[in-house]
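As the structure lists them, so they are numbered: ligands from 1, and atoms in each ligand from 1. This chain uses plain numbering: 1 for the first residue, then up along the sequence.
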Amino acid sequence: MTQVVLTEVHGKVGLIRINRPEALNALNNDVVDGIAAAVDAFEADENIGCIVLTGSEKAFAAGADIGFMKDFDYMHAYKTDFITRNWERIKTARKPVIAAVSGFALGGGCEMAMMCDMIFAADTAKFGQPEIKLGTMPGAGGTQRLPRAVGKAKAMDLCLTARMMDAAEAEKSGLVARVIPAEQLLEDTLKAAQTIAGFSLPVIMMIKESVSRAYESSLNEGLLFERRAFHSSFALEDQKEGMAAFIEKRKPAFKNR
Ligand code: CAA
C-alpha cells in the first residue's frame, strides 16, 4: 500500500511530505493521522530543530477529501470531533513548522498551511477557500486564520466567492513569508529551516511561543509574555555561549540548554 505521508530527515530538519498524488493530496484520516504521527516523532527527536510540511509540485493539498466527507451527518461529525480530533497537531507543535506550498492549497489544504508558523510559496501556488461551492464552509480555521493573515476584506472575498489567490497576491497580502521559483521551493525552504535549526532549540521555541502569543492576547499581555520569556533566556547556557562567542568573534556552539 502507498504511504500517504512520507518523512525524511535533512540534517536538523524533519521533512513531512503529503503523498496522495491521485487525489491532489486531499486530506483524509490516513493523511492527517500520518502528519500528526510525523510531528510527534520530530517533536520527540532532540536532533530536530525545525519541521517542513510539503506536498507535490501540483498540490500542497486540494482540501479535505470530499469523498470521505460527503455522507457525514451532523452526529457523526460531532461525535467523531471531525477536524478537532486530529487536524490540529501542527498547531500544538513547539518546534517551528514551515509549509512549503507548490500548486493548490485549497480548503483544508489552505487551512493546514495556515496552521503552520509560516508559508513559503512556489510561484505556482494557488490559495483558496472554495468550500462554498460544495454547500459547506471552511471548517479547519479558514474563517479565523485567513482574516488574521490577510484582513477581513480579502478573507470575505476568498471565502464568499471561492476565487483562488496566486502567490504574488498571497505575499502582498501577508499570507506567505516568501515566494520562490517552483523548482527551488524545497531547497530554499530546507535551507531556511536549517538556518533556524542551527540556533538554540529552547530559544527557537521561546520565540515561536512569543510570536504566536501576539495572536492570542492584548498587546500588553503579549508584551508581558515576551518580557518574561526574554528574562528566562538569561538562564540558558546557550545565552552565555552566544554572547561570549560574539565578544570573542567566533561561532557559537549551542547545546540546547
Ligand atoms: N477531495 C477528494 N478528491 C479530490 C479533491 C478533494 N478535495 N480535490 C481533487 N480531488 C481529486 C479529483 O476528484 C480527481 O480524482 P479523479 O482523477 O479520480 O477524478 C483528482 O483529484 C484530480 O483532480 P481534478 O481532475 O479535478 O484536477 P484539476 O486540475 O482539473 O482541478 C482542482 C484541480 C481545481 C484543485 C479541483 O480538483 C478541485 O476543485 N478540487 C476540490 C477543491 C475543494 O473544493 N476543496 C475544498 C474541500 S472541502 C474542505 O476542505 C473542508 C474544510 O474546510 C476542512
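- At a 4.0 Å heavy-atom cut-off, ligand 1 touches Ala64 through backbone and side chain alike.
- Counting heavy atoms under 4.0 Å from ligand 1, residue Leu27 does not touch it at all.
- Taking a distance limit of 4.0 Å, we find that atom 1 (N) of ligand 1 is approached by some protein heavy atom.
- Distances from atom 44 (O) of ligand 1 to the heavy atoms of Ile83, Thr136, Leu134 show the closest one on Leu134.
- Shown here, atom 25 (O) of ligand 1 is out of close reach of the protein: none of its heavy atoms lies under 4.0 Å off.
- The closest side-chain heavy-atom distance from Pro21 to Ser56 is not below 4.5 Å.
- Judged as a ring-ring contact (aromatic ring centres under 6.0 Å, His included), the pairs with a partner in residues 22-68 (not counting sequence neighbours) are, in order, Phe68-Phe72.
- Within the 4.0 Å cut-off (strictly below), a protein heavy atom is located near atom 33 (C) of ligand 1.
- Contacts of Ala26 with ligand 1, taken as heavy-atom pairs under 4.0 Å, involve the side chain alone.
- For atom 14 (C) of ligand 1, the candidate residues are Lys126, Arg20, Glu22; the nearest heavy-atom contact is made by Glu22.
- Residue contacts with ligand 1 do not include Gly142, since none of its heavy atoms lies under 4.0 Å from the ligand.
- Side-chain atoms of Lys126 do not come within 3.5 Å of backbone N or O of Met164 as any donor-acceptor pair.
- Among all protein heavy atoms, the one lying closest to atom 36 (C) of ligand 1 is Leu24 CD1, 4.6 Å.
- At least one heavy atom of Lys58 sits less than 4.0 Å from an atom of ligand 1.
- In this pair, Phe230 and Phe234 present their aromatic rings perpendicular. The plane angle is above 60°, beyond the 30 to 60° band.
- Ligand 1 has at least one atom lying under 4.0 Å from a heavy atom of Met69.
- In this structure the side chain of Val31 reaches within 4.5 angstrom of the side chain of Val5, judged on heavy atoms.
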